[in-house]
Number of protein chains: 2
Amino acid sequence: MTISEAESAIMECLWQGAPRTAEDILAEVAPRQGWQEGTVKSLLNRLLKKKAIKAERDGRRYLYTPLLSREKYVSQESKGLLDRLFGGRVAPLVAHFSEQRKLSKKDIAELRRLLEELDDEH
Amino acid sequence: MTISEAESAIMECLWQGAPRTAEDILAEVAPRQGWQEGTVKSLLNRLLKKKAIKAERDGRRYLYTPLLSREKYVSQESKGLLDRLFGGRVAPLVAHFSEQRKLSKKDIAELRRLLEELDDEH
DNA sequence: AAAAAAGGTTTACACACGTAAACAATATGG
DNA sequence: CCATATTGTTTACGTGTGTAAACCTTTTTT
C-alpha cells in the first residue's frame, strides 16, 4: 500500500516525534498545509487503514505512532524514482543534477567527503 | 499538468524515437505492460489533452511526437522527490543510498569522475 | 456492395486522493 | 442535569488514474 503525498505530511509530523495526539498533529500540520480539521482526521484514518501508523488509546483520546519508518518510506520512494528514470543507478541521477547546475557548493563538498569515506571503508 | 506513471510509459516510448504511429507504440508498449489496445489509445488521448504530445495527420493515421522533453520531465520528478524527502539537496540523497549500500562500484567510479570534472570547470 | 479491418473518438467504471462536512460518543462546565 | 466542547467515525464529492469497451469513419477485402 502506498502513502500519498497528503498522507506523507502527517507521517513527517509523526516521524519528527511520536507518539502524538491528533490535536498535536492538527496544530502542527494543518496551518502549514492550509487544512481543516476534517482533513487531518481523514488522513489519520486512511493511514490507520493502511497500517502505516497505529493508535493506542490514552484516556479519551488516541496516541498515534508510525509503523512505517521514514527510512523505509524514503527508500521506497527513492528507489522508485531511480528505477523509473535512471535505470536504477545513482550516478546518472547526480549527473542529471550536475548538468542542470543544481549541485550547490555544499553538495559538492559533501559528495567529496562521502566518496572519501567510502575509500576508507576500503 | 502532471504525467501519470502509465502515461509515462508511452512517453518513454516516444522519447526513444519520434514521431511514431499508434500502431508502433502499441506494439512496443502494450506487451511489456500487459495492456490492451484500448488502454494505449486512452493514454495517447490523455497525453494529447495534457499537451504532452502532439499528433500530425499522415494520411489516414497520426504521427505522435512528444512536446514535453524527457529532460524536463526528469527534472520535475527528481526535484519533487528531492524537495519532499531530502530538503532539496542532492548530497543527502546520495548519502541515503550510500547508507543502504546501494552504490555500485560503477556508481562510485562515475561519481568520482563527475566530481573531478566539476573541479576542472574550476 | 457487403463485410471486415484499421484507426481514431467517446464513454465507462472502479478505485485512490484531496478535501471536508455530518454525525456520534463522551467528558466537562455551569 | 443540560449545554457545550472535544475527539473520533462515517459519509461525501469532485477529480485523476488504470484499464478498457463501444462506437464511428474510412479503407480494404471478398
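Just so it is clear: chains get the letters A, B, ... in the order the sequence lines come, proteins before strands, and each one is counted from 1. In this text the structure is predicted, and so the values were computed from the model without any measurement.
- Atoms NZ (Lys41(B)) and C1' (dG7(C)) sit 6 Å apart, rounded to a whole Å.
- Within a heavy-atom distance below 4.0 Å of DNA chain C, the residues of residues 12-23 of chain B found are Ala22(B), Glu23(B).
- A heavy-atom distance below 4.5 Å is not found between the side chains of Ile53(B) and Ile10(B).
- The side chain of Ser4(A) places an N or O atom within less than 4.0 Å of a non-bridging phosphate oxygen (OP1 or OP2) of dG18(C).
- Between Glu5(B) and Arg84(A) the shortest side-chain heavy-atom distance falls below 4.5 Å.
- For Arg112(A) and Glu116(A), the salt-bridge test fails: no basic side-chain N is under 4.0 Å from an acidic carboxylate O.
- Nearer to the 5' terminus of DNA chain D, by closest-nucleotide assignment, is the contact made by Asn45(A) (compared with the other of Asn45(A) and Glu5(B)).
- At a threshold of 4.5 Å between non-hydrogen side-chain atoms, the residues Glu71(A) and Gln100(B) count as touching.
- Counted within 6.0 Å of CZ on Arg57(A), heavy atoms from surrounding residues, nucleotides or ligands total more than 12; the atom is thus considered enclosed.
- Protein atom CG of Leu43(B) is 15 Å distant from nucleotide atom C1' of dT9(C), rounded to whole Å.
- The outermost nucleotides of DNA chain D lying under 4.0 Å from heavy atoms of chain A, listed 5' to 3', are dT6(D) to dA12(D).
- No more than 12 heavy-atom neighbours from other residues, nucleotides or ligands sit within 6.0 angstrom of NZ on Lys54(B).
- In this structure, CG on Leu26(B) lies 11.0 Å from CH2 on Trp35(B), to the nearest 0.5 angstrom.
- Within residues 50-78 of chain B, the residues having any heavy atom closer than 4.0 Å to DNA chain C are, in order of number, Arg60(B), Arg61(B), Tyr62(B).
- With hydrogens and angles disregarded, no donor-acceptor distance shorter than 3.5 Å links the side chain of Ser98(A) to the backbone of Val94(A).
- Counting only heavy atoms from C-beta outward, the side chains of Phe97(B) and Leu82(A) approach each other to under 4.5 Å.
- When the side chains of ILVMFWY residues are joined at heavy-atom separations under 4.5 Å, either directly or via intervening members, Leu67(B) and Leu43(B) end up in two distinct hydrophobic clusters.
- We find that CE of Met1(A) is positioned 11 Å from C1' of dC15(C), with the value rounded to whole Å.
- A residue-by-residue look at Thr39(A) and Glu7(A) shows that Glu7(A) has its nearest nucleotide of DNA chain C further toward the 5' end.
- Every residue two or more places apart in sequence or in another chain that forms a ring pair (Phe, Tyr, Trp, His ring centres under 6.0 Å) with Tyr73(A) is listed here: Trp15(A).
- Identified under the salt bridge (charged side-chain N to carboxylate O under 4.0 Å, His left out) test for residues 30-40 of chain A, with sequence neighbours left out: Glu28(A)-Arg32(A), Glu37(A)-Lys41(A).
- The backbone N or O of Met11(A) lies less than 3.5 Å from no partner atom in the side chain of Ser8(A), so there is not a single donor-acceptor pair.
- The overall bend of the helix from dA1(C)-dT30(D) to dG30(C)-dC1(D), read as the angle between its terminal helix axes built from five base pairs each, is 30° when rounded to 10 degrees.
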